[in-house]
Amino acid sequence: MFKTKWKTEADRIILQPDLILNAFGILILLVFIGLGISARNELLSDSRTLTFYIIIFGSVPLLFFLMARNQVVFDRIDQKMYVRPFGLFTIRSVPFDNIAAVNAVYQYGTAFNFQVFKKTDRHGKGIRISSGYGKETNKNAIAFTNEVFPLIEDFLKDVFTTEAAPEPITTFEYYTLDQGVYTLKFHTVVNAIIGLALVIWSVYSFFSTNTLSINNPLLITYIPFIFGLIILIGANNKITFDTNSRTIHKTTMGGLKKKEYSFNAYLGFSIIRKTTNFIHSGTDAGIKIDTQDGNYKVLVLKAFNRTKKIERFILETEAILHK
C-alpha cells in the first residue's frame, strides 16, 4: 500500500513512487478527527468555526492523498518520460534520447531510491521514480529491479545502443601537465589571499582593540585567525597523478601530511550530492580507492557548485588514470 506500485502496458510503464504519502494522509486525518472530537462542543456551537475547521484541516490529508497518486510514465510511442502530479497532468517530460541512466541513489547509509538522470545534467539532481527503501533486501525493491528495470531498459534500448562514444580527451581544463605529472588545479591564489586577509585582520583587531571591552572578542579576533589559518593551510593542498610511476599523491596541511595510492587501486568514481536543510549545497567528485580489505575509501578530488561540469572532469581524470 505504501511502496512503489506499477502498471505495465504494451507501450507504457506507469509508476507511482509516492504511495508512502497515503500514510501521512491517514495520520493527519486521524489527528484531525481526534482534535475534532476533543473540541466538538466548541465546533458544534459555531457553524462558521466548524466549516472553517473542516475546510482547512480536511484539505491537508486530502492533499497528501492526491500527491500519493503522482505518476512517472514511460511512453514508448512518444519516446518520452512524463512526470504527472496527481496522475492528472504533465509538468515535465524527458525525451528518451536525453536519458543517461537509471540508477540507485543511496542516502544516509543503506537507504536508497531509484532515479533517472539526464544526459544534459548526468550528475545533477535525478528524477525519482520509486519509493525510498531502507535496505537492498526490501521485497518491493527486489521486485522493482526484477520486473520494472528490464522493461525500462527495453524501452530505452534504441537510445543506449545508438549513443555515441565520447571524444578522446586531448586538452585538460582541470589539470596542468608537467613531464607526465598531472596536477589538479585549485584556487590556490584566491584561497591564500582570503586566508592571509583573515589572519591580518584578526591580528590587527587583537592589538588595536581592547578585547576586554568587547562583548564577543572571539568574533573579530580568534575565530577569523583560526579560519584564516585553516584556509592558508588548505591553499597548499595538492593532488597529483604521476603517469610515470602510476601513482596518485595527495599532500595536505602544507606538506606535513602525504598520502600515496596506486592507479591499480582505482575502482571508479564517487559522486556525492551535499544538502543543507534539503537544499543542494554542492557536489563532491572523487574516486574510490581499494583498501585491500574488501572495502574502499573515497578520495575527494574536487567540489562543484554546477553539476553540469562534472562529466568533463570525470572524462579528464579517467583519461589520466588509463594512461
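Please read all numbers here as calculations on a predicted model, not as lab measurements. The first residue in the sequence is number 1, and the count goes up from there.
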Exercise. What do the steps show when you test Val116 against Phe74 for side-chain contact (heavy atoms from CB on, under 4.5 Å), and what is the final call?
Worked result: CA-CA 11 Å; Val116 168; Phe74 289 84; 4.0 Å; yes

For this session: Show the numbers, then the answer: is there a side-chain contact (heavy atoms from CB on, under 4.5 Å) between Asp290 and Tyr261?
Result: CA-CA 9 Å; Asp290 187 2; Tyr261 310 98; over 6 Å; no

For this session: Evaluate the side-chain contact (heavy atoms from CB on, under 4.5 Å) criterion for residues Thr307 and Lys125: first the C-alpha distance (whole Å), next the side-chain angles of each, then the deciding distance (0.1 Å), finally the verdict.
Result: CA-CA 9 Å; Thr307 54; Lys125 183 179 180 180; over 6 Å; no

For this session: Test side-chain contact (heavy atoms from CB on, under 4.5 Å) on Ile248 and Leu321 and set out the steps.
Result: CA-CA 9 Å; Ile248 305 167; Leu321 288 167; 4.1 Å; yes

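Of all the heavy atoms in Pro17 and Ser131, the pair that sits closest is O-OG, 3.0 Å. The minimum heavy-atom distance between Phe313 and Leu301, with the atom names listed, is CZ-CB, 3.7 Å. Pairing each heavy atom of Leu299 with each of Lys250, the nearest pair is CD1-CD, 3.4 Å. For the pair Gly282 and Asn305, the tightest heavy-atom approach, listed with the atom from each and the gap, is CA-OD1, 4.5 Å. Here the closest non-hydrogen pair linking Pro61 and Ile28 is CD-CG2, 3.8 Å. Residue Ile169 comes nearest to Thr171 through the heavy atom pair CG2-O, 3.4 Å, listed as atom of the first residue, atom of the second, then distance.
Under the 4.5 Å side-chain heavy-atom criterion for ILVMFWY residues, no single connected hydrophobic cluster contains both Phe96 and Ile14. When hydrophobic clusters are built by joining Ile, Leu, Val, Met, Phe, Trp and Tyr residues whose side-chain heavy atoms come closer than 4.5 Å, directly or via intermediates, Met81 is grouped together with Phe89. Note on Leu177 and Ile314: same hydrophobic cluster, where clusters join Ile, Leu, Val, Met, Phe, Trp and Tyr whose side-chain heavy atoms are under 4.5 Å apart, directly or indirectly. The hydrophobic cluster containing Phe172 also contains Phe241, counting ILVMFWY residues as joined when their side-chain heavy atoms lie under 4.5 angstrom apart, directly or transitively. At a threshold of 4.5 Å between side-chain heavy atoms, the hydrophobic network of Ile, Leu, Val, Met, Phe, Trp and Tyr places Leu63 and Phe65 in one connected group.
At least one side-chain heavy atom of Ile289 sits under 4.5 Å from a side-chain heavy atom of Lys297. Residues Phe112 and Val105 fail the side-chain proximity criterion, which asks for heavy atoms closer than 4.5 Å. For the pair Phe155/Asp75, no side-chain contact is recorded, criterion being any heavy-atom separation below 4.5 Å from C-beta on. The shortest distance between side-chain heavy atoms of Asp18 and Arg128 falls below 4.5 Å. Contact annotation: the side chain of Leu35 approaches that of Tyr53 to within less than 4.5 Å [non-hydrogen atoms, C-beta and beyond]. Side-chain contact between Val298 and Asp284 is absent, with no heavy atoms from C-beta onward closer than 4.5 Å. At a threshold of 4.5 Å between non-hydrogen side-chain atoms, the residues Asn98 and Thr120 count as touching. Side-chain contact between Ile26 and Phe64 is absent, with no heavy atoms from C-beta onward closer than 4.5 Å.
Residues Thr251 and His249 have side chains that never bring a donor and an acceptor to within less than 3.5 angstrom of each other.
In this structure, CG on Leu50 lies 9.5 Å from CD1 on Ile55, to the nearest 0.5 angstrom. Distance check, rounded to the nearest 0.5 Å: CZ of Phe86 to CE of Met67 gives 7.0 Å. Separation of atoms CZ (Arg306) and CG (Asp121) is listed at 9.5 Å; rounding is to 0.5 Å. The distance from the CG atom of Asp97 to the NZ atom of Lys118 is 12.0 Å, given to the nearest 0.5 Å. Between the CZ atom of Phe114 and the CG atom of Asn103 there is a distance of 9.5 Å, given to the nearest 0.5 Å. Put simply, CG on Leu151 and CG on Leu156 are 11.0 Å apart, with the number rounded to the nearest 0.5 Å.
Within the 3.5 Å criterion, the main-chain N or O of Tyr82 finds no donor-acceptor partner in the side chain of Thr90. Thr243 places a side-chain N or O within 3.5 Å of a backbone atom of Gly180 that can act as its donor or acceptor partner. At distances below 3.5 Å, at least one donor-acceptor pair connects side-chain atoms of Gln79 with backbone N or O atoms of Arg76. With hydrogens and angles disregarded, a donor-acceptor distance shorter than 3.5 Å links the side chain of Lys185 to the backbone of Glu173. Counting only distance, with no hydrogens or angles, the side chain of Arg122 and the backbone of Glu311 share no donor-acceptor pair below 3.5 Å.
In this structure, Phe57 and Phe32 have parallel ring planes: the angle between them is below the 30° cut-off, well short of the 60° mark.
Other residues, nucleotides and ligands contribute over 12 non-hydrogen atoms within 6.0 Å of the CD atom of Glu9. Atom CZ of Arg69 is surrounded by 12 or fewer heavy atoms from other residues, nucleotides or ligands within 6.0 Å.
Ion pairing of Glu316 with Arg312 is present here, as a side-chain N (NZ or NE/NH1/NH2) and a carboxylate O approach within less than 4.0 Å.
Of the candidates Tyr175, Tyr182, Tyr174, Tyr175 is the only one forming a side chain to side chain donor-acceptor pair (under 3.5 Å) with Thr317.
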Can you give each donor-acceptor pair under 3.5 Å made by side-chain atoms of residues 138-150, sequence neighbours left out, with the distance rounded to 0.1 Å?
from, atom 1, to, atom 2, distance (Å)
Asn138, OD1, Asn140, N, 2.8
Asn138, OD1, Ala141, N, 3.2
Asn140, OD1, Thr4, N, 3.3
Asn140, OD1, Tyr133, OH, 2.5
Asn140, ND2, Thr4, O, 3.1
Thr145, OG1, Ala141, O, 2.9
Asn146, ND2, Ile142, O, 3.3
Glu147, OE1, Trp6, NE1, 3.3

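For the pair Lys288 and Tyr296, the cation-pi test (distance below 6.0 Å, angle within 45°) is passed.
For Asn264, the side chain to side chain donor-acceptor pair (under 3.5 Å) criterion is met by no residue, not counting sequence neighbours.
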